[in-house]
Each structure stands twice: as C-alpha cells, then as structure tokens.
Amino acid sequence: MPVQKLQREIERVLGEMGVDAPVAVAFERPRNPEHGDWATNVAMTLAKPLRRPPRQIAEELAQRIDASAAGIRSAEVAGPGFINFRLAGDYLRDGLLGILRDPDAFGRGDAGQGRPVVVEFVSANPTGPLHVGHGRQAALGDAVSELLAWAGWKVHREYYYNDAGEQISMLARSVWARYQQLLGEDAEFPEKGYQGDYIREIAADFRAEHGDRFRGDASDAAMDAVRVFAVRILRAGQNADLDDFRVRFDEFFLESSLYASGQVERTIERLRATGHVFEHEGAVWLRTTAFGDDKDRVMVKGSGHPTYFLPDIAYHLNKWERGFHRAVNVQGADHHGTVARVRAGLQALGLPAGYPEYELHQMVTVMRGGVEVKFSKRAGSYVTLRDLFDEVGVDVTRWFFLMRRSDSQLTFDLDLALDQSDKNPVYKVQYAHARMCSIFRRAGLAADEVSAEGADLALLGHETEVELAKRLLRFPEEVAASAEEHTPHLVTAYLEELAGAVNSWYHAGNRDPGLRVLGVADELSRARLVLARAVQVTLRNGLAVLGITAPERLDRAEAEA
RNA sequence: GCGCCAGUAGCUCAGAUGGAUAGAGCAACGGCCUUCUAAGCCGUAGGUCAUAGGUUCGAGUCCUAUCUGGCGCGCCA
C-alpha cells in the first residue's frame with residue numbers, strides 16, 4: 001500500500017527533526033478531494049510536546065520530505081496544521097495492474113498470518129426451524145468468518161448446541177403429546193410446549209416409523225425414543241436451512257460432550273484451585289466480581305445441577321486449549337448478560353481479559369406493506385429464515401442482514417427486498433457487475449481473458465476513470481478494517497458506493513460515445529478494458545466476502561403479463 | 001431499580017484511533033431512452049447530529065445528567 005512508504009518517510013523526517021517521543025503517525029483519507037489523497041494530523045499532535053505551533057511543525061515536515069522516497073507528488077500544509085499529500089500518479093497504474101495480475105487475491109491481507117480463530121455462531125438448540133434472528137446471525141457469522149479469512153486468519157466455523165437440556169426435554173414432551181393425540185389418546189399438551197405445525201409433522205413421522213408402539217407410554221425409554229427422533233429430524237431441518245442459505249460449519253459442538261468427557265468436572269476443579277470458588281446456602285459460587293462482573297455467579301445449584309454458566313466456561317476453555325487463542329462469538333444481544341461472567345470465569349483461569357470477543361446483534365423485525373409480520377404457520381410464533389429466503393432469494397436475504405451495523409435493530413423490508421430495481425442495493429451491485437461482463441462479451445472475451453498486456457494505462461485520464469480507480473484501490477483497506485472490527489456492513493456500504501461510481505462511468509459512455517470502453521481507438525479501448533476488469537474483480541470479490549453471488553448476466557424480469 | 005445498545009435529512013441508515021464544509025440510498029422536484037442492457041443516468045432541494053452542561057486548539061464521536069425506544073437482570077435455559 002502506498003501509504004506505508006509515506007509513513008516510513010515521515011518517521012524518518014521526524015527522527016531527523018529530533019522528535020524522540022515515539023509518535024503514532026496517523027493517516028486519514030480526507031473527505032474533501034481538494035485535500036489530496038492522504039492527510040496526517042501529526043503536526044497537531046506534536047504541537048504540545050514540542051511546544052511549537054502546529055503549522056510551523058507542519059511546514060518544516062513538509063519541506064524535509066523526500067517526495068520520491070515517499071511516493072508522493074505533493075505535500076502541502078493546510079488548515080490548522082494538516083499536511084495533505086497527493087500520491088504520485090503511477091500508484092493507480094500499479095494498483096490496476098496488480099488487480100489483473102492476481103484477481104483472486106485482490107482484497108486479501110496477511111494481518112492474521114495464518115493464525116487460528118474460531119468463530120461461533122447460530123448455535124441454535126434443535127427445538128424448531130431457524131428463525132429470522134438466527135438468519136441474521138448466520139449471515140453475520142459467515143461474513144465475519146470470511147472477512148477474517150480474507151485478512152489472513154485460519155478460520156474455524158463452529159456451531160454449539162445443547163442436545164440434552166431442559167429445552168430438549170420440553171421438545172420431547174411436546175412431540176410425545178402430539179403423537180398420543182394422533183393415536184386418539186387424550187394427552188395433555190405441556191403448558192410451555194412448542195407450538196407450531198412442525199411438532200405435529202414430527203409426531204406424524206414418528207408414528208409412521210413406530211406405529212402405536214408407544215401408545216400411552218410415558219416411560220423414560222419412550223420419552224428418549226421421541227427425543228432422539230425429534231432432535232434428529234430438527235437437526236436435519238436446520239442443516240438444510242443453513243445449507244440452502246449457503247452457510248457451512250466446520251464443526252458442530254455438543255454441550256453434552258463437555259459432560260461426557262469430564263471437562264465440566266475438570267473445569268470446576270481448576271476453578272477451585274484458584275481460590276475464587278466458595279459455597280453459600282448450599283450452592284457453589286464463583287467470585288466473578290474479582291474480575292469485573294457486577295455480582296458473583298452460581299456454578300452449581302443447591303440441587304447439585306450445574307447452571308449454564310459452568311459449561312459455558314468449560315466450552316471456552318476447551319476452545320482455548322484447542323489452540324484458538326482468538327475467538328469470536330456472534331450472538332443475539334439478549335445474551336449480553338453472559339459476556340461479563342464468562343470472561344470473568346475465564347480470567348480466573350488465567351485467560352486474557354478480552355477473551356472471547358463478542359459481536360452481539362440486535363433483533364430483526366420483518367415488515368410487509370408497513371406492517372410487522374410476526375407468524376409463520378409452520379413455526380407458529382415466529383417467522384422462519386426459510387420463509388424469508390424462499391420468498392426473496394438467498395443473495396438478497398444475506399445482503400439485507402448484513403447492511404446494518406449489528407448493534408442497531410434491523411427492519412427487514414420485504415417490499416424493498418422483492419424490488420428488482422436499483423432501489424434494491426443488491427441488484428444495483430450485481431447489475432454493475434453484470435454490466436462489466438456484458439462489455440467483455442461484446443468484446444468477445446471471457447472475463448479472465450482480459451489482459452493488461454500492452455495496455456497503456458496512462459490513457460485513463462478522464463475524471464470518472466481516475467475516481468473509479470482510486471475507489472477500487474481502497475477495497476483492501478475496507479476489507480481489513482471490516483475484518484478487524486467485525487463489521488460487514490462497511491463492505492455493503494462500500495460496494496453500493498462503488499456500484500454508483502461504476503454506473504456513472506458506464507453512463508458517461510452513453511452520453512459521450514468517446515468515453516465508452518468499446519468502439520473507441522484500440523489503445524484506449526484496451527486501457528479501459530483493464531479498468532472494467534478491475535471493477536468486475538472488485539465487485540466479485542466484495543460480494544464473495546459477503547457470501548453473495550456475482551452473476552455475469554441479469555436477465556430482465558418478465559414484464560407483468 | 002441496575003446494566004447493555006440505539007436516538008444523525010420526510011423515511012432507512014453510514015459516519016474507523018476526536019479533525020477541515022456531517023454523507024449515501026429511498027421519497028420529493030427538474031432533465032435524459034436511435035445505449036458497451038434505462039432493473040439506469042445527470043441535476044436540485046433537504047440537518048439547532050434527542051436535550052442540557054462539560055473536557056480542548058477542535059466534539060456527531062469523549063465525560064456527566066435528563067428524555068425516548070429496544071434488550072437484559074434469577075440457585076431460568
């Protein structure tokens with residue numbers, strides 16, 4: 001990245017000026033293009049320690065900089081003490097060539113250096129079809145995973161679920177009751193049982209397999225048979241939902257395995273050894289307040305059963321011991337209460353304070369015609385993920401889940417999602433991509449046959465072309481920042497802006513045929529094809545990060561008959 | 001009662017470690033179809049950044065209080 005050269009040069013000059021305090025030289029891209037390509041406020045931050053006016057420091061710095069070593073065309077002092085830099089023109093040319101040389105790598109970085117990170121998301125218990133909240137989490141977790149992979153991390157996607165707890169037992173009792181009712185028995189449905197037609201479907205399937213073998217049988221064995229059956233069906237259903245949503249996991253981690261392997265027991269022993277465990281009114285507590293929690297937490301109830309807190313710690317300790325010294329948990333904001341206590345428990349065991357990282361997302365509401373959609377027949381009390389992507393498509397659904405910051409509430413506007421014009425950002429971006437491919441088709445080329453060989457990129461002098469090229473070259477930074485902050489919405493915003501710039505460029509050619517890619521002088525055409533290819537690669541890679549397809553052609557929807 | 005998140009244009013939302021004139025899409029208004037696909041493009045207008053204080057060279061961003069909305073609080077899972 002060109003800015004690194006510039007940074008090294010500034011650090012050298014600072015040394016020359018006798019600045020001994022290590023100063024972080026911060027750069028930013030000015031919003032106003034008149035302020036150049038990059039700017040630094042280092043003179044202002046140095047004003048105090050050096051006891052000199054910021055503008056004076058800036059002037060001296062700007063004068064001492066060796067333009068060619070820094071890779072810049074100009075450095076000028078402005079405002080209260082900013083130094084604005086304009087990069088030497090050839091960085092655009094080099095950048096575009098770089099994109100064509102290795103298209104699949106454009107946007108990738110090495111911040112992670114191949115280190116492992118585990119990203120846990122969805123983690124729904126197998127008690128029903130996935131709902132829209134899980135959908136947001138699936139899209140978010142998958143995009144965060146992909147971003148981290150693009151940033152050079154070795155990513156492990158993991159799904160954690162409880163296959164033996166209270167919720168599962170309620171599931172079993174719900175299905176059991178429906179099964180009995182199917183057999184004509186007078187079974188009472190549990191008060192807090194799972195509503196929704198899918199429970200009846202499972203009961204019917206169970207009957208188809210087992211007939212009336214368990215009629216009136218409420219024994220543990222019967223309940224077990226129902227439970228195992230229901231969990232198997234629902235797991236398969238959830239897996240199909242995720243598969244069709246194009247989300248894959250490397251591992252499904254069962255909570256029950258933590259008990260089976262003795263890890264829960266070992267965790268409590270290790271916690272005891274720290275001296276932070278105490279007993280109070282018959283329960284076993286961990287003094288989490290010693291690590292920033294606002295109250296101490298029960299690990300083992302007076303009944304002798306552990307709370308969820310204990311396996312949570314055991315699970316994260318397990319992640320750490322598997323070598324994942326970085327872990328990201330994508331969860332609903334309703335879990336925020338567990339963050340402080342899990343971290344506290346892990347700190348007690350000597351893990352670092354910020355482990356694991358959490359990306360919490362707020363709720364999703366689905367709107368149609370200005371009215372909230374609350375129910376689906378199959379699930380009863382909620383809208384399923386499948387309802388959504390069956391109706392509007394996987395690409396649109398994923399984009400809509402990703403286009404907002406995760407910590408703001410998300411309104412899923414079905415009317416907008418179904419719209420196939422540029423009001424719908426997904427189509428806008430995909431269409432810009434398809435347009436580039438259309439140009440290649442006209443030129444008789446496949447996208448990857450577009451070559452920079454013999455192209456004179458200095459011919460890309462028009463303002464829209466320069467603007468577009470600059471925007472393209474920002475892509476790697478966008479990916480890096482989004483990966484670090486777990487913020488895929490920055491990528492959707494970037495792509496939408498880029499698509500706007502692409503459309504401007506493309507349409508400049510409609511107004512003035514001299515600005516087209518094809519049908520102009522050979523030399524020029526070759527240069528512009530390079531730009532078009534760079535655009536196409538960037539859009540494609542950006543969409544890939546988000547798990548969204550980049551079609552080469554979008555067929556116009558049939559007009560209403 | 002305590003905690004977390006949010007409050008930015010008519011609507012939906014961006015605004016990375018505090019930086020220069022707060023941005024985008026939609027809606028509104030005015031233009032543009034013998035096109036490298038108008039599912040589009042060009043332009044105009046639109047803001048006391050919830051409110052009140054504070055910190056400093058500088059605050060949408062940090063601190064305090066208040067108001068509004070969402071979520072959470074357990075020997076629940």
Side-chain angles (χ1 to χ4, degrees), chain A residues 24 26 28-32 34-35 39-41 44-45 47-48 53-54 78-82 84 125 162 165-170 280-285 294-295 297-309 332-340 360-363 365 403-411 413 416 419-425 427-428 430-432 434-436 438-443 477-478 480-482 484-485 487 489-490 492-494 496-497 500 503-511 513 515-520 525 528-529 532 553-557:
Chain A
E28 59 176 16
R29 286 182 180 284
R31 291 190 181 130
N32 186 337
E34 284 173 26
H35 294 148
T40 182
N41 63 353
M44 273 125 87
T45 60
K48 216 167 218 173
F82 292 100
N84 296 333
N125 288 340
N162 178 330
E166 186 55 37
Q167 291 181 27
I168 297 296
S169 131
M170 181 58 75
H280 178 67
E281 294 180 355
V284 182
W285 298 65
D294 52 7
K295 53 183 96 163
R297 305 292 170 176
V298 172
M299 293 191 298
V300 182
K301 298 184 258 186
S303 65
H305 293 97
T307 63
Y308 252 21
F309 173 48
D334 52 345
H335 285 78
H336 77 246
T338 66
V339 172
L360 301 180
H361 65 87
Q362 297 285 340
M363 303 294 114
T365 49
M403 69 182 177
R404 304 294 180 222
R405 302 171 39 172
S406 61
D407 55 9
S408 70
Q409 291 163 52
L410 181 114
T411 303
D413 182 345
L416 180 59
D419 188 290
Q420 295 199 357
S421 77
D422 270 15
K423 288 178 200 167
N424 186 334
Y427 284 96
K428 179 174 176 175
Q430 289 185 325
Y431 193 53
R435 275 189 163 138
M436 296 303 108
S438 158
I439 293 175
F440 305 146
R441 270 197 302 278
R442 290 245 174 181
E477 297 161 35
E478 296 285 339
S482 300
E484 198 40 52
E485 317 266 327
T487 49
H489 77 276
L490 295 180
T492 61
Y494 169 81
E496 198 175 345
E497 269 179 42
N503 287 335
S504 293
W505 176 55
Y506 180 86
H507 281 279
N510 279 344
R511 284 190 305 284
L515 294 175
R516 292 189 189 174
V517 173
L518 304 179
V520 296
S525 185
R528 287 180 180 160
L529 273 169
R553 180 196 295 270
L554 286 182
D555 291 317
R556 192 172 307 210

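Quick note: numbers below take in every heavy atom, side chains included, and nothing from hydrogens, waters or symmetry partners. Each chain gets a letter, A, B and so on, in the order its sequence line appears, and its residues count up from 1.
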Euclidean distance, atom [atom1] of residue [X] to atom [atom2] of [N] [Å, nearest integer]:
X	N	atom1	atom2	value
A/Phe82	B/U21	CZ	C1'	13 Å
A/Met44	B/U56	CE	P	17 Å
A/Gln420	B/U37	CD	C1'	15 Å
A/Arg553	B/U37	CZ	C1'	10 Å
A/Glu485	B/A14	CD	P	14 Å
A/Tyr308	B/A77	OH	C1'	5 Å
A/Met299	B/C76	CE	P	15 Å
A/Ile439	B/U37	CD1	P	7 Å

Once salt bridge (Lys or Arg N to Asp or Glu O under 4.0 Å) is applied, do any residues pair with [X], and if so which ones, sequence neighbours excluded?
X	answer
A/Arg297	A/Asp293, A/Asp294
A/Glu485	none
A/Arg442	none
A/Arg435	none

Any [X] side-chain N or O less than 4.0 Å from OP1/OP2 of [N]:
X	N	value
A/His507	B/U37	no
A/Asn41	B/G19	no
A/Thr487	B/A16	no

Taking only nitrogen or oxygen atoms into account, show me every contact under 3.5 Å that the protein makes with nucleotides 24-34 of chain B, one pair per line with its distance.
residue : atom : partner  : partner atom : Å
B/A27   : OP1  : A/Lys423 : NZ           : 3.3

Checklist entry - Going 5' to 3' along nucleotides 1-11 of chain B, which nucleotides have protein heavy atoms under 4.0 Å from the base (write B), which only from the sugar-phosphate (write S), and which from neither (write -)? => result --BBSS-----
Item to check | Steps toward side chain to side chain contact (heavy atoms under 4.5 Å, CB included) verdict (A/Ser525, A/Arg528) | outcome: CA-CA 5 Å; A/Ser525 185; A/Arg528 287 180 180 160; 5.9 Å; no
Could you measure between the two [atom1] atoms, the one in [N] and the one in [M], and give it in whole Å?
N	M	atom1	result
B/G30	B/G69	C1'	39 Å
B/G54	B/G70	C1'	29 Å
B/C42	B/A24	P	12 Å
B/C33	B/C41	C1'	10 Å
B/A9	B/G60	C1'	14 Å
B/G19	B/G31	C1'	38 Å
B/C76	B/C5	C1'	23 Å
B/A6	B/A27	P	29 Å

Checklist entry - If you pin A/Phe440 and A/Thr411 to their nearest nucleotides in RNA chain B, which one's is more 5'? => result A/Thr411
Checklist outcome for this item: Ranking A/Gly509 and A/Phe309 by the position along RNA chain B of their nearest nucleotide, the one closer to 5' is A/Gly509
Looking at every strand, decide which applies to [X] at a 4.0 Å heavy-atom threshold: base, sugar-phosphate, or nothing.
X	value
A/Gly519	nothing
A/Arg528	nothing
A/Ala39	base
A/His361	nothing
A/Ala481	nothing
A/His335	nothing
A/Ala78	base

Item to check | Presence of donor-acceptor pair under 3.5 Å, side chain of A/Asn84 and base of B/A20 | outcome: yes
Item to check | Pair of N/O donor and acceptor under 3.5 Å linking B/G72 base with A/Asp334 side chain | outcome: no
Next on the checklist: Show, in sequence, the C-alpha distance, side-chain angles and deciding distance for A/Arg404 and A/Thr411, and conclude whether the side chain to side chain contact (heavy atoms under 4.5 Å, CB included) test is met.
Outcome noted: CA-CA 9 Å; A/Arg404 304 294 180 222; A/Thr411 303; over 6 Å; no
Side chains of [X] and [Y], heavy atoms from C-beta outward: is any pair under 4.5 Å?
X	Y	result
A/Tyr427	A/Asp419	no
A/Thr338	A/Phe309	no
A/Val517	A/Met436	no
A/Thr307	A/Lys301	yes

Item to check | For B/C13, glycosidic torsion class - syn if within 90° of 0, otherwise anti | outcome: anti
Checklist entry - Within the distance-only criterion (no hydrogens, no angle test), does the side chain of A/Ser482 pair as donor or acceptor with the backbone N or O of A/Leu490 below 3.5 angstrom? => result no
Item to check | Backbone of A/Leu416 reached by a side-chain donor or acceptor of A/Asn424 within 3.5 Å | outcome: yes
Checklist entry - Taking the side chain of A/Lys295 as its heavy atoms from C-beta onward, which of B/A14, B/C73, B/C76 lies nearest to it? => result B/C73
Checklist entry - Considering only B/A14, B/U37, B/A77, which nucleotide approaches the side chain of A/Asn162 most closely? => result B/A77
Checklist outcome for this item: Stems with RNA chain B, 3 or more Watson-Crick or G-U pairs in a row (under 3.5 Å), are B:1-7 with B:67-73, B:10-13 with B:23-26, B:28-32 with B:40-44, B:50-54 with B:62-66
Holding to side-chain contact (heavy atoms from CB on, under 4.5 Å), I want the full list of residues that pass it with [X], two or more places apart in sequence or in another chain.
X	result
A/Ala508	A/Arg511, A/Leu515
A/Asn125	A/Thr127, A/Tyr161, A/Asn162, A/Gln167, A/Tyr308
A/Glu497	A/Arg471, A/Arg474

Next on the checklist: Could you work out, with ring-ring contact (aromatic ring centres under 6.0 Å, His included) as the rule, every residue matching A/His280, not counting sequence neighbours?
Outcome noted: A/Trp285
Protein and nucleotides 45-47 of chain B: nitrogen or oxygen contacts under 3.5 angstrom:
none

Checklist outcome for this item: So OH of A/Tyr431 and CZ of A/Arg553: to nearest 0.5 Å the spacing works out to 12.0 Å
